[in-house]
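To keep things clear, I will list the structure first and then write my remarks on it.
Every chain is numbered from 1 and lettered A, B, ... according to where its sequence line falls, protein lines coming before strand lines. Since this is a predicted model, take the numbers as computed values, not measurements.
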Amino acid sequence: MLNITLPDGSQRQLPDGATGYDVAASISEGLARNALAVTVNGDVRDLHRPLPDNATVSILTWNDTAGKSTYWHSSAHLMAEALEALYPGVKLAIGPAIENGFYYDVDLGEGRSISSEDFPEIEKKMLELAKHKSRYERKDVSKADAIAYFTEKQDPYKLELIDGLEDGQITFYTQGDFTDLCRGPHIPDTGTIKAAKLMNVAGAYWRGDEKNKQLTRLYGITFPKAKDLAEYLERLEEAKRRDHRKLGKELKLFAFSEKVGAGLPLWLPKGTALRERLEQFLRKAQVKAGYQPVVTPHIGSKELYVTSGHYEKYGADSFQPIKTPNPGEEFFLKPMNCPHHCEIYKTEPRSYRDLPVRYAEFGTVYRYEQSGELHGLTRVRGFTQDDAHIFCRPDQVKEEFKKVIDLVLYVFKNLGFEDYTAQISLRDPENKTKYIGSDENWALAESAIQEAAAEKGLPTVTEYGEAAFYGPKLDFMVRDALGRRWQLGTIQVDYNLPERFDLEYVAPDNTKQRPVMLHRAPFGSLERFVAVLIEHCAGNFPLWLTPEQFIVLPISDKYIDYANEVKAQLEQRDLRGTVDARDERIGRKIRDAEMAKLPYLLVVGEKEAQDKIISVRKHGEGDLGSMPLDAFVKSVQSQIVEAY
RNA sequence: GCCGUUUUAGCUCAGUGGUAGAGCACUUCCUUGGUAAGGAAGAGGUCAUGGGUUCAAAUCCCAUAAAUGGCUCCA
């Protein structure tokens, strides 16, 4: 008999050779029907593999992340089977599950390609094959046999993968006529795959190395119910509606011009209003937090970047130098603000008593991003960082980190970002030599970050080997409408620049010591932040931030004077908005204002002009009835205060 | 930078080798209208740019640029 522990701690006894399926069946018939896989002591396994004794087993269904991912991995095999049927001779590379669905990298061979027009045929074939309810059969294979199989099949990619595997650890999975090298696990059979959709085709390098051959990557997604697919597609549509590139154009926030140059955004008046309000918001918070604003030029001499090391590392791949009438004199557009701030630090001798020194600047920087990398406002070639550099003693790092975390969270809270992740990036413990700075300082900084995050109760994930060569960091990531993760806020420790710029302070014992430098940017950059903010709130910005809080809509041109009076009075009370004085009917004006996502529409006609009141309509909510101006102002102001 | 796709009026898009189209926006006129599109007329385009094929190119081919989905990259 086997002793099995369930996740709730309860125990069950099953006969020897029992499988995850048997466990599910012993719980309920429905669970057995919906089970896709199991976890055995935390590892995901096939549902029909015999269980070991004394294992903790939990049943995975479509509702578990690991269940979904197994399902999609199996779906990748199904797609591969369909591709082999439709494109004989196709070579398969790798086909994992991803966050939403799966992909398979394939080599179609010379002269063949797949486009989105071919998707329906592949989807049809997948569903046709799925109907066979083929079991995913697992088989242990010796390395020699595995090599023989894929040599016969002439698949160089699988052979290369096998080359890296240990004999005795190699398994094949077969469903129907399709056999793949695979560690598994898989769902029991193809019968649960009821809806399949190919999403996208793209190029991808074999093993992610751009020196290698480029393969065709087919992205797909499958579902156990057709309805789930429909809902998923609807969500994607919603994401497209929120896309900051679309809304940025529609709401007249920013634009690009081919003539100005790729990746160089033009901020339109409304976008500028939004951006400047964000700047003001942070400026205020930073003054309170002890930062001193500074301003530095947009260019710096070559020597500055030779000192910082950026010239050597990035000079050739970046914007090229600006020449002057003096032969040999060269300036660079600044790719970051740190070197300038280091020079500010150096303008006077520093005592340990002066530290920390915090210099903040909304610094516009220019980086020549690869052309294929440019993306709306999230990845551009000219952008403004809400940058600051903190110069402090090693023993102050933790305290400073905590203060910056507070600032970042303050920003996120006021803008309604709740779904963020915080990532601590540390050294690769296997390879400490590629990092600059002493072991001791690194250890100090790394534990300072971890402790600061823990003391602030910040949920974090820790990634080893993700630190910059010059120091560990803490990044805040927020998702965009399509679920892509973007780094916004960042806090980084830097041991490199203080060294290169020979920064010093005088310690209590009158010795010269090296300060630690922290880079930090709660927004990351205003461009990226605004992009993510647009998608986050679907263009319905918080009231305190939105470029126009109200629009006055006169019923006819007889009431334009009163409308202007309303506007003037509201402006005196620090609200901002406009009057729609067009010769249009009220229905049209309301429609246009709703489409422009203006928060408050103030309708004024005969009644309102006579009684000196306004009719208030709130975006997305409808008519709130009429009220005196004072009542409206009070209600709006209370909402703005609440937001802070 | 690499692979795929795209580029037609201010915007969204139709137009598969034979004289460039629609809706919205814009201008003018009519309309003075009470909570999501009032009516009419008008103006607006080197079909991204440069080459090529053809009697003839928005349409086919090549190059370049930009956008876009990925990959690689991201101080």
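Rounded to whole Å, the C1' atom of B:U54 lies 9 Å from the corresponding atom of B:C60. If you take atom P in B:U46 and the same atom in B:U8, they sit 13 Å apart, rounded to whole Å. Rounded to whole Å, the separation between the P atoms of B:G23 and B:C61 comes to 32 Å. Between B:G39 and B:G34, the two P atoms lie 16 Å apart (nearest whole Å). For B:C47 and B:A58, the C1' atoms lie 4 Å apart once the distance is rounded to whole Å. B:G1 sits 16 Å from B:U64 when the C1' atoms are compared, rounded to a whole Å. Across the C1' atoms, B:A40 and B:A67 are found 38 Å apart, a figure rounded to whole Å. For the P atom pair drawn from B:C26 and B:G10, the interatomic distance equals 14 Å after rounding to whole Å.
A search for side-chain hydrogen bond (donor to acceptor under 3.5 Å, both in side chains) contacts involving A:Gln423 returns A:Ser425, not counting sequence neighbours. A search for side-chain hydrogen bond (donor to acceptor under 3.5 Å, both in side chains) contacts involving A:Glu361 returns A:Thr296, A:His341, not counting sequence neighbours. Partners of A:Arg358 under the salt bridge (Lys or Arg N to Asp or Glu O under 4.0 Å) rule, at least two apart in sequence or in another chain, are A:Glu400. In this structure, the salt bridge (Lys or Arg N to Asp or Glu O under 4.0 Å) partners of A:Glu621, at least two apart in sequence or on a different chain, are A:Lys618. With sequence neighbours excluded, no residue forms a salt bridge (Lys or Arg N to Asp or Glu O under 4.0 Å) with A:Arg585. With sequence neighbours left out, A:Asp155 forms a side-chain hydrogen bond (donor to acceptor under 3.5 Å, both in side chains) with no residue at all. Residues meeting the salt bridge (Lys or Arg N to Asp or Glu O under 4.0 Å) test with A:Lys197, sequence neighbours left out: none. Scanning for side-chain hydrogen bond (donor to acceptor under 3.5 Å, both in side chains) contacts around A:Glu234 gives A:Arg241, with sequence neighbours left out.
Every stem involving RNA chain B, taken as at least 3 paired positions in a row under the Watson-Crick or G-U wobble test at 3.5 Å, is listed here: B:1-7 with B:65-71, B:10-13 with B:21-24, B:26-30 with B:38-42, B:48-52 with B:60-64.
Protein atom CD1 of A:Ile590 is 6 Å distant from nucleotide atom P of B:A36, rounded to whole Å. Atom CG in A:Asp107 sits roughly 14 Å away from atom P in B:G4 (whole-Å rounding). Taking atom CG of residue A:Leu215 and atom P of nucleotide B:C71, one finds them 13 Å apart after rounding to whole Å. The nearest whole Å value for the distance from the CD atom in A:Glu621 to the P atom in B:U35 is 19 Å. Atom P of nucleotide B:C74 and atom CE of A:Met477 are separated by 14 Å, given to the nearest angstrom. Across the protein-nucleic acid pair, A:Asp580 atom CG and B:U35 atom C1' stand 13 Å apart, rounded to whole Å. Between the CD atom of A:Gln370 and the P atom of B:G70 there is a distance of 16 Å, rounded to whole Å. Rounded to an integer number of Å, the gap from OH of A:Tyr219 to C1' of B:C3 is 12 Å.
Residue contacts for A:Leu374: at a heavy-atom cut-off of 4.0 Å it reaches the sugar-phosphate backbone alone, with no base atom in range. When heavy atoms are screened at a 4.0 angstrom cut-off, A:Gly263 is found touching the sugar-phosphate backbone but no base atom. Within 4.0 Å (heavy atoms only), A:Phe256 reaches no atom of the nucleic acid at all. A:Gly376 comes within contact range of the sugar-phosphate backbone alone, with a heavy-atom separation under 4.0 Å but no base atom that close. As judged by a 4.0 angstrom heavy-atom cut-off over every strand, A:Gly587 is placed among residues touching the sugar-phosphate backbone only.
Among the nucleotides B:A75, B:G69, B:U35, the one closest to any side-chain atom of A:Asp623 is B:U35. Nearest nucleotide to the side chain of A:Met595, out of B:U12, B:A36, B:C73: B:A36. Side chain of A:Ala262, nearest nucleotide from B:A66, B:A75, B:C71: B:A66. The A:Ala202 side chain lies nearest to B:G69 when the options are B:A75, B:G1, B:G69.
Of the inter-residue distances, the one linking A:Leu92 atom CG with A:Tyr104 atom OH reads 5.0 Å to the nearest 0.5 angstrom. Expressed to the nearest 0.5 Å, how far CG of A:Leu474 lies from OG1 of A:Thr490 amounts to 7.5 Å. In this structure, the separation between CD on A:Glu463 and OG1 on A:Thr460 is 10.5 Å, given to the nearest 0.5 Å.
Close to B:U12, at under 4.0 Å from its OP1 or OP2, lies no side-chain N or O of A:Lys246. At B:G69, one or more side-chain N or O atoms of A:His375 fall inside 4.0 Å of OP1 or OP2 (strictly under the cut-off). The phosphate of B:A67 (OP1 or OP2) has no side-chain N or O of A:Arg245 nearer than 4.0 angstrom.
Annotation: of the two residues near RNA chain B, A:Ala204 and A:Ser318, the 5′-most nearest-nucleotide partner is A:Ala204.
The base of B:C3 does not come close enough to the side chain of A:Tyr205 for any donor and acceptor atom to sit less than 3.5 Å apart. If you check distances only, the side chain of A:Arg379 does reach the base of B:C73 with a donor-acceptor pair under 3.5 Å. Looking at A:Arg217, its side chain has no donor and acceptor atom pair within 3.5 Å of the base of B:C3. Side-chain atoms of A:Tyr103 and base atoms of B:G69 include no donor and acceptor less than 3.5 Å apart.
Using a 4.0 Å cut-off between charged nitrogen and carboxylate oxygen, A:Lys125 and A:Glu121 do not count as a salt-bridge pair.
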N/O donor to acceptor pairs below 3.5 angstrom from side-chain atoms of residues 554-561 of chain A, sequence neighbours left out:
residue  : atom : partner  : partner atom : Å
A:Ser556 : OG   : A:Lys558 : N            : 3.2

Just the atom pairs and distances: protein N or O near nucleotides 41-51 of chain B's N or O, under 3.5 Å.
none

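Aromatic ring pairs are classed by plane angle as parallel below 30°, tilted from 30° to 60° and perpendicular above 60°; the pair A:Tyr495 and A:Trp442 is tilted. In this structure, A:Phe391 and A:His389 have tilted ring planes: the angle between them lies in the 30° to 60° band.
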* For nucleotides 24-34 of chain B, read 5' to 3', which letter fits each nucleotide if B means a protein heavy atom sits under 4.0 Å from the base, S means only the sugar-phosphate is that close, and - means neither? -> -S----BBBBB

